[in-house]
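Here the structure is laid out as structure tokens; the discussion comes afterwards.
Heavy-atom basis, side chains included; hydrogens, waters and symmetry copies ignored. Note that ligands are numbered from 1 as they come in the structure, with each ligand's atoms numbered from 1 the same way.
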Amino acid sequence: MRILAIETSCDETAVALVEGDGGMHDASFSILGDALYSQAALHAPYGGVYPSLAKREHQVNLAPLATEALREAGLFSEGKLKIDDAVFVGIRDDEFKNSTRKFLEETTKPEIDLIAVTHGPGLEPALWTGINFAQALARAWDIPLLGIDHMEGHVVSGLLVSSGEKQYKMHGVMFPLLTLLISGGHTELNLMNEWFSYEHVGKTKDDAVGEAFDKVARLLDLSYPGGPQIQEAAARSRARGGTDIEFPRPLMHDDTCDFSFSGLKTAVLYKLRAMEEISETDKEEIAQAFEWRAIKQTKPRGLVVGGGVSANTEIRKSLQEMLLKEAPEVTLFLPEAELTGDNAIMIGAAAYLRALSGKKSEGELSALGNLTLSESNV
Ligand code: KG4
Ligand code: ZN
């Protein structure tokens with residue numbers, strides 16, 4: 001099954017062509033084409049993602065990226081189509097309508113079976129751009145369209161293992177599977193007892209962990225996105241022998257599995273004058289605090305981690321060490337480095353698994369900015 005997948009929930013515009021093979025237990029994926037444009041540098045002066053700028057950039061970049069991905073996949077051939085106006089009903093912006101029309105008029109319908117697009121959670125104006133574009137393609141080419149939860153994409157990306165150049169296969173997954181999502185907008189724990197069934201275990205009461213990294217980075221005069229900058233700064237500090245600074249654990253002091261990061265951010269603010277860089281211990285504690293209680297409580301057979309922050313090498317290391325020491329019976333799944341951040345490959349892979357299981361979203365798609373995984377249960 002060939003899937004054209006689109007991701008525009010935040011500040012990455014991505015289009016991928018993913019070919020899925022096999023069943024739920026032995027699925028494998030060939031990445032036929034993958035075009036991604038990160039707007040991070042454009043948003044850096046604002047210290048975070050600026051929604052109307054993100055939307056505008058998605059509008060400008062979707063058509064060229066789709067052409068690039070199709071070309072890379074060898075699925076592009078020039079066309080001379082006349083496209084009916086009804087195809088563009090969702091698109092109000094004239095420039096965006098024109099670039100989508102031009103793309104469709106100049107591209108022959110490719111050999112694909114499904115179009116998948118992120119429909120939430122994320123910035124609604126950004127999500128709508130991807131949805132409108134995907135909808136226009138689906139209508140013009142008469143190909144089914146599937147809405148995918150961005151966070152489910154991150155879960156699936158954590159379960160993919162590289163099996164060759166532009167090839168991934170799924171790890172054998174055993175349920176229950178605890179999912180830990182740590183990204184710029186989300187920090188949550190869910191328990192999967194089977195595919196596509198998410199039971200809420202815990203979440204952040206305030207900032208997401210990536211957001212905490214970004215805010216602390218701003219306090220430290222490091223540029224956006226803050227995660228990678230803090231990782232580098234911490235490595236330099238470690239190379240000099242480390243630090244004694246300690247911060248409070250980002251756990252809520254109750255018997256839930258919820259977290260809170262605003263206290264950590266405030267602690268950094270107070271310590272700032274006394275410190276040069278954020279400590280290594282701090283990151284290890286973040287990782288540790290995240291999974292520990294949840295593992296005790298839910299007794300999963302596997303822990304899958306996904307989201308931009310899972311790129312952090314110290315967090316990856318301490319998760320591995322912790323699990324080995326405290327719960328060796330639990331298998332840890334971490335995404336390949338290139339799949340930690342936002343991308344369209346994970347959306348295509350999740351769409352394949354949904355399509356295989358016959359779990360499809362019904363009716364017209366709309367942007368669901370606050371979509372949560374437990375709402376994505378089908
Ligand atoms: O999943 P993602 O690309 O976008 C969202 O869905 O939010 O995550 C982006 C977040 C940003 O907050 C960024 O600072 C953080 O992931 N991040 C990191 C690292 N790389 C990216 N945080 C810590 N260490 C990293 N190496
Ligand atoms: Zn993400």
Side-chain angles (χ1 to χ4, degrees), residues 5-14 36-41 43-44 46-49 51 54 118-124 126-127 130 148-158 179-188 203-204 207-220 222-236 238 250 261 264-265 268 277-280 282-287 290 304-319 334-347 349-350 369-373:
I6 296 169
E7 157 64 41
T8 64
S9 67
C10 193
D11 59 350
E12 261 86 34
T13 321
L36 183 144
Y37 171 71
S38 172
Q39 309 168 7
H43 295 282
Y46 304 96
V49 182
T118 304
H119 66 143
L123 303 167
E124 289 200 353
L127 289 163
I148 294 293
D149 185 309
H150 179 81
M151 302 315 284
E152 183 165 273
H154 278 306
V155 170
V156 171
S157 73
T179 69
L180 168 63
L181 296 169
I182 41 178
S183 73
H186 293 82
T187 297
E188 57 186 64
K203 65 170 184 342
T204 178
D207 296 343
V209 60
E211 197 180 349
F213 269 99
D214 295 338
K215 286 180 176 172
V216 168
R218 225 180 305 166
L219 293 174
L220 297 173
L222 299 170
S223 64
Y224 172 85
Q229 301 277 336
I230 289 186
Q231 175 169 316
E232 280 173 31
R236 287 195 297 274
R238 259 193 316 281
F261 288 97
L264 182 57
K265 183 189 63 203
V268 174
E277 273 131 21
I278 196 164
S279 81
E280 174 188 13
D282 173 39
K283 282 190 199 159
E284 290 173 357
E285 296 228 330
I286 290 176
F290 268 139
V304 58
V305 186
V309 182
S310 66
N312 188 285
T313 44
E314 286 306 305
I315 290 182
R316 292 172 81 101
K317 226 188 326 176
S318 32
L319 282 170
L334 289 166
E336 300 282 359
E338 71 278 11
L339 297 181
T340 54
D342 289 348
N343 64 82
I345 293 172
M346 68 184 193
I347 303 304
N370 298 314
L371 186 64
T372 65
L373 271 177

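Residue P121 forms a side chain to side chain contact (heavy atoms under 4.5 Å, CB included) with just one option from L371, T372, L373, and that option is L371.
Distance check, rounded to the nearest 0.5 Å: CG of L180 to CD of E188 gives 9.5 Å. Expressed to the nearest 0.5 Å, how far OG of S183 lies from CD of E211 amounts to 9.5 Å.
For K265, the side-chain hydrogen bond (donor to acceptor under 3.5 Å, both in side chains) test picks out D207, with sequence neighbours left out. Applying the side-chain contact (heavy atoms from CB on, under 4.5 Å) test to Q39 and every residue at least two apart in sequence or in another chain returns D11, T13, Y37, L42, H43, A54, E57, H58.
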>> Set out, in order, the CA-CA distance, both residues' side-chain angles and the distance that settles side chain to side chain contact (heavy atoms under 4.5 Å, CB included) for H150 and H186, then state yes or no.
In response: CA-CA 11 Å; H150 179 81; H186 293 82; 5.9 Å; no
>> Please evaluate residues L339 and M346 with respect to the criterion side chain to side chain contact (heavy atoms under 4.5 Å, CB included), reporting the C-alpha separation (whole Å), side-chain torsions for both, the decisive distance (0.1 Å), and the verdict.
In response: CA-CA 7 Å; L339 297 181; M346 68 184 193; 5.8 Å; no
>> side chain to side chain contact (heavy atoms under 4.5 Å, CB included) for T118 and D342? Distances and angles first, verdict last.
In response: CA-CA 11 Å; T118 304; D342 289 348; over 6 Å; no
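Pocket lining of ligand 1, defined as residues with a non-hydrogen atom under 4.0 Å away: H150, H154, S183, G184, G185, G210, F213, D214, P225, G226, G227, P228, Q231, G307, G308, V309, A311, N312, G341, D342.
Nearest heavy-atom pair across S310 and R316 is O-NH1, 2.9 Å.
Within the protein, the N, O or S atoms lying under 2.8 Å from the Zn ion (ligand 2) are H150 NE2, H154 NE2, D342 OD1.
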